[in-house]
Amino acid sequence: MSTATVGLHHLFEERRALEDYQGGMPRWCKGCGDNAILAAVQRLCRDEGLKPEKTVFVSGIGCSSRLPHYMRTYGFHGIHGRALPIAEGVKMARPDLHVFVNTGDGDCCSIGAAHWIHAIRYNMNITVLLHDNHIYGLTKKQASPTSPLGTKSNTTPRGSYLDAMNPLTVTLGVQNVSFVAQAVDWIPETLFQIIQAAFRHRGFSFVRILQRCPEFVGNMFEPWVHDPSRMLMLTHEDGIRPGPALQKIYRNQQEHDPSNMNRAREIASSEDPIPVGILYRDSAVPCYEDLRHAGALRTADSIRSTLDAELDKFTVWPQ
Ligand SMILES: Cc1ncc(C[n+]2csc(CCOP(=O)(O)OP(=O)(O)O)c2C)c(N)n1
Ligand code: SF4
Ligand SMILES: [Mg+2]
């Protein structure tokens, strides 16, 4: 092959279209915000030129956790609440892979809460997308930890009794937190920008995405969808900047430096207006896989000889 042909061949191989990342036909309900999240991650994969064979989407259980089926990459549809430890295992074994996690508010903040807290502290280079629809969708409408007080559901027919948990303030409260952002499914351009910034951050990037579930909580986000003045756009050179068209619609903007933790916590506490953008970023926090020299740790031979040495310690040799 001539040099020019090799170059062309290379170009052909590297440039992929959206369709190259599209897997099975999504089965989410019409109008479900998960569709917008899927579109954003497929665009991210294309724009960042991610090799499908080097990319893994890991999930737990829930409507949102079906996302890996709809990607044409590697995927692992795990068990309820366990997406994060599975993803951490993948990253430890293969730190060269791009690892994404799709998890629901039940999956992450309820049954998976212990894993969530420790995953923040381990700060592995994983992009985590929390599809927060404030309800258990797959199991047909039970209150979740993020359901607002008074939410009527199958488990709380008289309305939920507890104040909602705020996944942003929880994440910001954990040692070693390195990236926290909030997006909403109904502003696709900003959703994409935020997911892209999360992917480019080296560390545990946590993006809470407010996601509409028209099937079970159709009115949950309607006031904010229809009134842009109730959205707060966080802008900064180290954060995101909405394009001119969006700036005209979302006039409620605020410069926020993502290195400012105290301010990030204040902003994270706001439910109305809903803040959108990058709340916090610290690129200096070490990643666990680097501290443990992941990938170089284990070969079949090294595991066998370590185990042999360990077992030999307890062997009673015949006299
Ligand atoms: C150990 C275990 N407990 C309970 C369930 C039932 N279950 C499946 S999905 C789910 C909650 C899903 O809610 P969420 O994580 O918010 O995802 P969504 O469907 O809203 O996207 C529950 C309780 C299960 N599959 N496994
Ligand atoms: S039940 Fe809700 S979260 Fe699940 S697919 Fe339908 S709209 Fe989406
Ligand atoms: Mg949910």
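Both ligands and their constituent atoms are indexed starting at 1 by order of listing.
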Looking only at N, O or S atoms in Asp105, which is nearest to the Mg ion (ligand 3)? OD1
Metal site atom 8 (Fe) of ligand 2: N/O/S of Cys213 inside 2.8 Å: no
What residue and atom, counting heavy atoms only, is the protein's closest point to atom 26 (N) of ligand 1, and at what distance? His80 CB, 3.4 Å
Short N/O distance, under 3.5 Å, between Asp105 and ligand 1? yes
Nearest heavy atom to atom 18 (P) of ligand 1, choosing from Gly104, Cys63, Gly81, belongs to Cys63
Check: of Thr139, Ile111, Asp34, Asp107, min heavy-atom distance to atom 6 (C) of ligand 1 comes from Thr139
Identify whether the distance between the nearest side-chain nitrogen and carboxylate oxygen of Asp20 and Arg46 falls below 4.0 Å. no
Numbering the atoms of ligand 2 from 1, which are under 4.0 Å from a heavy atom of Pro214? 7 (S)
Atom 21 (O) of ligand 1 [closest protein heavy-atom partner, distance rounded to 0.1 Å]: Ser64 OG, 2.7 Å
Tell me the protein heavy atom at minimum distance from atom 3 (S) of ligand 2, and give that distance in Å. Asn133 ND2, 3.5 Å
Gly106 to ligand 1: N or O pair under 3.5 Å? yes
Carboxylate-amine/guanidinium contact Arg241 Glu255, below 4.0 Å: yes
